[in-house]
2 protein chains.
Amino acid sequence: MSDRTGLREADNGHAADHAYRLIRDQILSGQRSAGEWLREGELAESVGVSRTPVREALRRLTAEGLVRHERNRGVQVQAWSVHDLDEIFSLRSVLEPWGCRLAATTGTVDVAALDALAHRMDEVAPDGRPTDVDQLTELNNQFHRMILEASDNSRLAGVVSSVIQMPLVWRTFSHYSPEALRRSLAHHHELVAALTAADPDWAESVMRSHVRAAWHSIRPGHDM
Amino acid sequence: MSDRTGLREADNGHAADHAYRLIRDQILSGQRSAGEWLREGELAESVGVSRTPVREALRRLTAEGLVRHERNRGVQVQAWSVHDLDEIFSLRSVLEPWGCRLAATTGTVDVAALDALAHRMDEVAPDGRPTDVDQLTELNNQFHRMILEASDNSRLAGVVSSVIQMPLVWRTFSHYSPEALRRSLAHHHELVAALTAADPDWAESVMRSHVRAAWHSIRPGHDM
DNA sequence: GTCGGGTTGATTGCATGCAAAGACGCTGAT
DNA sequence: ATCAGCGTCTTTGCATGCAATCAACCCGAC
């Protein structure tokens with residue numbers, strides 16, 4: 001471990017966290033393909049730390065479902081099927097509308113911030129054609145997370161984000177048609193309106209439409 | 001580490017798993033009280049392994065929310081408030097009825113096994129007075145888990161069980177009045193009936209009643 | 001040619017040592 | 001008496017070495 005400092009640029013001082021973020025990013029960005037074995041030694045070297053914090057990072061990723069752990073064999077990147085996607089989206093289509101309903105009643109949601117996010121997404125994807133898919137994804141995640149956190153049920157937010165990891169690998173928005181993406185962005189504005197009006201039924205049903213539309217946009221063979 | 005074998009009785013061969021189970025049981029059984037600090041060294045000695053597998057066990061427990069991890073300070077048993085209980089039960093009152101609805105439609109649920117469980121619970125708690133709270137809790141968990149696993153959505157089952165840990169600490173059934181417990185057991189039989197009839201609406205609404213009744217039975221100050 | 005057994009190599013799992021960070025108590029100054 | 005500064009001591013975080021495990025290969029027997 002010679003020039004460790006050279007490799008740990010954005011290190012906030014903690015090897016395990018650093019390793020976790022690096023490995024996670026490699027998986028989410030697709031640099032590590034599904035089924036690929038992640039060797040502790042190799043990762044340790046590439047991250048610039050010893051195997052111990054790498055092992056800790058891999059255990060966290062295992063708990064989050066991004067990788068699979070086999071005893072005495074190692075860790076491999078989780079493989080995903082269409083059925084997994086169906087499970088996740090059917091779960092989301094229950095949880096997110098409910099969370100959105102709660103957010104509409106608590107009144108703690110920051111509608112101005114939501115509105116700003118919706119407009120920034122419009123800019124990143126003018127006319128339904130995204131210029132930067134990663135940024136669009138990030139903005140979208142912020143939008144949804146912000147609503148769930150206003151639901152005043154921290155476990156709900158945690159559960160949804162733990163389940164959502166996989167669609168991130170799938171790079172959701174790259175599967176959208178321009179029309180589907182325009183509709184998705186319109187939903188965001190409608191959600192802002194419903195939350196501003198503090199109408200739980202409206203908010204819930206728009207979110208349900210939003211999630212189910214997304215489901216059909218992503219599902220292979222249904223690119224509408 | 002002298003006579004390690006003497007301490008590892010039910011060891012299936014793997015130190016980290018062993019440590020995990022032991023520590024987890026200590027928390028769930030109440031031997032470790034909320035807020036108590038869990039020292040790696042002490043745990044390692046008591047389990048009979050080194051600190052490394054203990055650390056791994058503690059990280060798993062952290063991911064499951066049973067303990068809290070503070071950087072460079074250690075791990076302490078998670079403390080629970082009534083608000084946490086509310087969060088969990090409101091989540092359950094959305095997820096479990098939905099899972100029960102799904103189970104009623106997939107037709108993969110083993111109603112005979114469910115019926116057997118319901119009757120065994122009757123025996124363990126005749127006239128709403130439990131003879132063995134732990135066994136009753138275990139049977140109840142099996143009952144609910146079996147329904148969720150028949151929902152054909154593995155993530156749903158995972159999410160619910162991850163969220164349910166805390167009521168286990170609370171030792172749910174010891175808070176029930178005889179009347180509430182009798183009602184709870186009756187719900188189980190009604191659930192079996194609804195699932196046998198494969199009626200999604202019936203199944204869903206019984207489960208919703210069941211969860212919300214449980215909520216009121218447990219909530220401090222609402223022992224009806 | 002195929003199958004079984006043993007052997008080698010790679011990799012994980014665990015134990016241990018050391019360094020760094022925080023908590024506590026002491027001392028001294030105000 | 002109170003509080004800042006300092007040193008010690010406990011505890012965690014990380015690195016490293018070694019043992020156990022698994023996979024793949026090779027070789028010999030049938």
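Reminder, nothing fancy here: chain letters follow the sequence lines and each chain counts from 1. Excluded from the calculations below are hydrogen atoms, water molecules and symmetry mates; all remaining heavy atoms, backbone and side chain alike, are included.
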Between atom NE2 in His14(A) and atom C1' in dT12(D), what is the gap in whole Å?
11 Å
Under 3.5 Å donor-acceptor pair, Arg51(A) side-chain atoms to dG13(C) base atoms:
yes
Round to a whole Å and report the spacing from CD of Glu45(A) to C1' of dA10(C).
15 Å
Closest-nucleotide ordering on DNA chain C, the 5'-leading residue of Asn72(B) and Pro53(B)
Pro53(B)
Could you check how far CZ of Arg71(A) sits from C1' of dA23(D), rounded to whole Å?
18 Å
Residue whose nearest DNA chain D nucleotide is more 5′ - Arg73(A) or Arg59(B)
Arg59(B)
Rounded distance (Å) that lies between atom P of dC14(D) and atom CD of Glu40(B):
11 Å
Using a cut-off of less than 4.0 Å, is there contact between a side-chain N or O of His69(A) and OP1 or OP2 of dG13(C)?
yes
Taking for each residue the nucleotide of DNA chain D with the nearest heavy atom, is it Thr52(A) or Leu38(B) whose nucleotide lies nearer the 5' end?
Leu38(B)
For atom CD of Glu70(B) and atom P of dT12(D), their distance in whole Å
12 Å
Pair His119(A) and His188(A), ring centroids less than 6.0 Å apart:
no
Among dC14(C), dA15(C), dT11(C), which nucleotide has an atom closest to any side-chain atom of Val49(B)?
dA15(C)
Arg60(A) with Asp17(A): basic N within carboxylate O range, under 4.0 Å
yes
Measure CG/Leu43(A) against C1'/dT12(C) and give the value in whole Å, please.
13 Å
Whole Å only: how far is the CH2 atom of Trp37(A) from the P atom of dA23(D)?
8 Å
Applying ring pair (Phe, Tyr, Trp, His ring centres under 6.0 Å), which residue pairs with at least one partner in residues 95-116 of chain B are found, sequence neighbours left out?
none
Counting N and O atoms only, with roles assigned by atom type, does the side chain of Ser93(A) sit under 3.5 Å from a partner on the main chain of Arg208(A), one being a donor and the other an acceptor?
no
Please classify the nucleic acid contact of Leu58(B) as base, sugar-phosphate, or nothing, using heavy-atom distances under 4.0 Å.
nothing
Measure from CZ on Arg55(A) to P on dA15(C) and round the result to the nearest Å.
11 Å
Mind checking what makes side-chain hydrogen bond (donor to acceptor under 3.5 Å, both in side chains) contact with Arg73(A), not counting sequence neighbours?
Glu70(A)
